[in-house]
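Numbering of residues begins at 1 and proceeds along the displayed sequence. If you're wondering where the values come from, they're calculated on a predicted model, not measured in any experiment.
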Amino acid sequence: MALDSVHGLYQLGISCNIQHAVQACPNQEGGEERTCQEGGGSRARTSSCRGCSCPVEEAAPAPQRVKLHLPQRLHPPTLLRLLQKKLLLLLSPKHLLRVKLHLLRRRPNPPLLHLHQKRPTSAPLDLFIEDKNDTSVTIIWSQPEVIGLSGLDGYTIEICKEGTEDWKAVNEDLQKSCRYVIKNLTTGDRLKIRVVAVNEGGRSPPVTLPEPVLVKEVADRPKVRLPRFLRQRYVAQVGDKINLTVPFTGKPKPVVSWTKNGTAVDTKRVNIRSTDRDSILFIRSSERDDSGVYEMTVKVDDFEDKASLTLQIVELPGPPASVKIADVWGFNVALEWTAPTDNGNTEITGYTVQKADKKTGDWFTVMEHYHRLNATISDLIMGNTYKFRVFSENKCGISENATMSKEEAKILKTGIEYKPPEYKERDFTEAPKFTTNMTDRATTVGYSTKLLCSVRGSPKPKIIWMKNQMIIGDDPKFRQICVQGICSLEIRKPGNFDGGVYSCRAKNDLGETTISCKLEVKQPVVADADKK
């Protein structure tokens with residue numbers, strides 16, 4: 001199989017080794033295979049039976065001439081792999097065993113006969129205007145489709161006025177990028193512009209704008225981009241700094257103007273600063289008079305756009321105009337008041353009501369954030385006299401001062417008289433009675449001892465201590481104490497003769513009682529060694 005190249009193709013020689021299936025003898029199994037090769041390199045194979053002479057012959061297929069279009073810039077090994085894939089689609093898999101490809105020669109294309117000659121590039125592509133104004137034009141383009149082996153050094157941008165052919169380059173050095181700004185032009189001129197690619201081979205064919213360009217800034221309709229938070233009422237307190245930025249678009253630079261409530265803005269109070277992209281409204285220290293509707297207008301030639309914003313400067317409200325006591329009954333007082341004359345440039349959100357007792361003068365809050373102009377104050381204390389005052393409230397806070405009621409409310413003791421209950425007085429008088437008995441005691445000579453007992457009675461009984469039925473009296477050897485009904489008799493360092501029967505007698509107007517005990521005084525025990 002042989003392939004010839006046409007313009008831009010390759011000439012290849014292809015040799016194919018094809019193996020055909022051997023047809024067996026219909027009479028016998030097996031057979032002997034023979035291969036014969038005749039001129040021209042074509043092959044035919046015959047096979048015959050071992051037992052008979054009936055030949056079976058198959059001839060090789062006739063040569064085919066195929067023309068394939070292949071890419072021009074392929075490396076030879078890559079080209080062979082691509083061609084082999086194409087041949088696999090042409091030959092029958094039944095007969096194809098192996099395909100060998102040989103690259104014979106490459107016939108050069110006519111445009112590439114002189115590869116080593118320096119040639120210019122093709123013309124640049126897609127030249128058009130990106131932007132322009134009164135003194136400059138910005139152009140962009142794409143690089144040439146065909147650059148060649150000489151490469152690309154840069155571009156030359158040329159202009160000439162409409163009606164002439166006096167082309168002049170505007171760039172001294174070659175432009176490397178595909179964008180250029182032609183500056184220092186005269187407003188109103190109509191210019192033709194073209195771009196030429198340059199390399200070692202020379203200048204390429206130029207690419208020219210289809211129509212002359214008028215040197216004048218393209219008018220863009222102005223548009224105010226009012227921020228979202230300024231589309232609603234903007235609220236600030238007195239003394240705050242106001243700094244609002246409003247962006248806009250438009251070409252050439254729009255003329256910006258501001259008005260307040262339909263009149264010019266007072267430049268002594270409000271500062272306006274505008275740039276190419278936005279305008280700033282600035283108030284160093286705001287006052288209530290700065291409130292109003294501000295309108296911003298941007299204008300380009302005969303086109304204009306407007307946007308308005310509402311500025312509200314607020315402060316604390318004044319106190320209610322008046323407060324009066326409408327009625328007093330029981331433990332309740334009905335109050336009424338009127339709205340303040342100065343609401344602080346914003347709506348009143350509520351009222352705060354306080355009361356004070358005339359005795360103490362201390363103020364206590366009884367209602368907060370109350371919305372009505374009347375209220376009932378309850379749970380007042382009977383017999384007290386009260387004063388009341390009311391504060392106004394808005395979004396800035398509570399008014400600094402309050403309005404006080406001229407009248408006072410006195411909670412009277414009407415229809416109520418306190419009668420304490422009568423209780424029968426209880427008689428607590430009783431005759432003396434010992435609640436604790438005295439027990440017999442034993443002590444040692446020289447060791448002090450106490451006798452104790454407890455007694456009750458009303459009126460308080462008189463206590464008398466006796467020894468052997470004789471009143472002890474003020475004998476210093478004995479110490480008598482009676483506290484809260486606890487009676488004690490201390491015998492200081494008793495001797496051999498201090499033993500006996502001691503009695504305690506309790507006596508009052510209702511009677512008397514006596515209690516006794518026996519005291520034994522023993523001699524101390526002396527050891528045998530001490531006796532000797």
Side-chain angles (χ1 to χ4, degrees), residues 229-242 283-293 309-423:
F229 73 95
L230 292 179
R231 297 175 188 175
Q232 300 176 354
R233 185 184 302 271
Y234 185 83
V235 181
Q237 295 189 18
V238 171
D240 288 351
K241 183 184 296 184
I242 307 299
I283 302 175
R284 186 172 300 277
S285 180
S286 60
E287 298 179 358
R288 287 180 59 172
D289 294 338
D290 296 326
S291 302
V293 178
L309 60 93
T310 302
L311 182 61
Q312 183 178 2
I313 308 300
V314 300
E315 62 180 346
L316 294 176
S322 63
V323 177
K324 68 176 182 179
I325 297 176
D327 192 11
V328 178
W329 74 98
F331 302 99
N332 309 299
V333 172
L335 287 180
E336 293 181 357
W337 60 90
T338 56
T341 55
D342 181 13
N343 60 2
N345 200 26
T346 182
E347 63 180 1
I348 298 297
T349 58
Y351 298 92
T352 299
V353 181
Q354 293 183 346
K355 70 176 181 179
D357 186 1
K358 189 176 180 179
K359 295 180 181 178
T360 62
D362 297 332
W363 290 97
F364 297 93
T365 299
V366 294
M367 289 185 177
E368 286 184 307
H369 314 302
Y370 190 75
H371 298 283
R372 298 181 180 179
L373 296 176
N374 53 74
T376 299
I377 312 301
S378 303
D379 299 331
L380 300 177
I381 298 176
M382 181 178 56
N384 290 354
T385 302
Y386 292 93
K387 296 181 294 183
F388 300 92
R389 66 181 182 182
V390 181
F391 292 86
S392 302
E393 183 180 356
N394 63 6
K395 61 177 62 178
C396 293
I398 299 178
S399 60
E400 296 179 353
N401 301 320
T403 301
M404 189 180 302
S405 61
K406 297 180 181 180
E407 307 89 355
E408 295 180 350
K410 184 175 182 180
I411 309 302
L412 300 177
K413 301 179 180 179
T414 57
I416 300 177
E417 183 179 355
Y418 179 72
K419 294 181 179 181
E422 296 181 359
Y423 297 101

* Gap between atom OG1 of Thr352 and atom CZ of Arg389 - 0.5 Å precision -> 10.5 Å
* Asked: Which distance, rounded to the nearest 0.5 Å, do you find between the NZ of Lys358 and the NZ of Lys410?
  -> 8.5 Å
* Any side-chain heavy atom of Tyr234 within less than 4.5 Å of one from Leu309? -> no
* Return yes when atom CZ of Arg284 has more than 12 non-hydrogen atoms of other residues, nucleotides or ligands closer than 6.0 Å, and no otherwise. => no
* How far apart are the closest heavy atoms of Thr365 and Gln354, and which atoms are they? -> OG1-NE2, 3.2 Å
* Taking Gln312 for the side chain and Asn345 for the main chain, is one N or O donor matched with an acceptor at less than 3.5 Å? -> yes
* Side-chain contact test, heavy atoms from C-beta onward, threshold under 4.5 Å: evaluate it for Val333 versus Lys355 and give yes or no. => no
* Asked: Once you round to the nearest 0.5 Å, how far does CD of Glu393 lie from NE2 of His371?
  -> 8.5 Å
* Asked: Do Asn394 and Asn343 come close enough that some side-chain heavy atom pair is under 4.5 Å?
  -> no
* To do: Enter the distance from Ile411:CD1 to Asn332:CG here, rounded to the nearest 0.5 Å.
  => 7.5 Å
* Structure fact -> Rounding to 0.5 Å, atoms CG (Leu380) and OH (Tyr386) come to a distance of 5.0 Å
* Structure fact -> In this structure, OG of Ser285 is separated from NZ of Lys241 (nearest 0.5 Å) by 10.0 Å
* Can you name the closest pair of heavy atoms from Thr346 and Lys395 and give their distance? -> OG1-CE, 3.5 Å
* Structure fact -> Heavy-atom nearest pair, Ile348 first then Pro340, reads CD1-CG, 3.8 Å
* To do: Take Ile283 and Ile313 through the test side chain to side chain contact (heavy atoms under 4.5 Å, CB included) and record every step on the way to the result.
  => CA-CA 11 Å; Ile283 302 175; Ile313 308 300; over 6 Å; no
* Asked: Hey, is the main chain of Asn384 close enough, under 3.5 Å, to the side chain of Asp357 for a donor-acceptor pair?
  -> no
* State, yes or no, whether a side-chain contact exists between Thr403 and Val390 at a heavy-atom distance under 4.5 Å. => no
* Side chain to side chain, Arg288 and Val238, heavy atoms closer than 4.5 Å -> yes
* Asked: Sub-3.5 Å donor-acceptor pair from the side chain of Ser378 to the main-chain atoms of Phe331, do we have one?
  -> no
* To do: Apply side chain to side chain contact (heavy atoms under 4.5 Å, CB included) to Trp363 and Lys387, showing your working.
  => CA-CA 9 Å; Trp363 290 97; Lys387 296 181 294 183; 4.1 Å; yes
* **Sub-4.5 Å side-chain heavy-atom contact between Leu335 and Asn374** => no
* Identify the heavy atoms of Pro317 and Gly397 that sit nearest to each other, and give their distance. => CD-O, 3.8 Å
* So which heavy atom on Ile325 is nearest to which on Glu408, and how close? -> CD1-C, 3.9 Å
* **Side-chain touch Tyr351/Leu373, heavy atoms, less than 4.5 angstrom** => yes
* To do: State, with a plain yes or no, whether a side-chain heavy atom of Ser399 is found less than 4.5 Å away from one of Leu316.
  => no
* To do: Considering non-hydrogen atoms only, spot the tightest contact between Val353 and Trp337 and give its length.
  => CG2-CH2, 4.0 Å
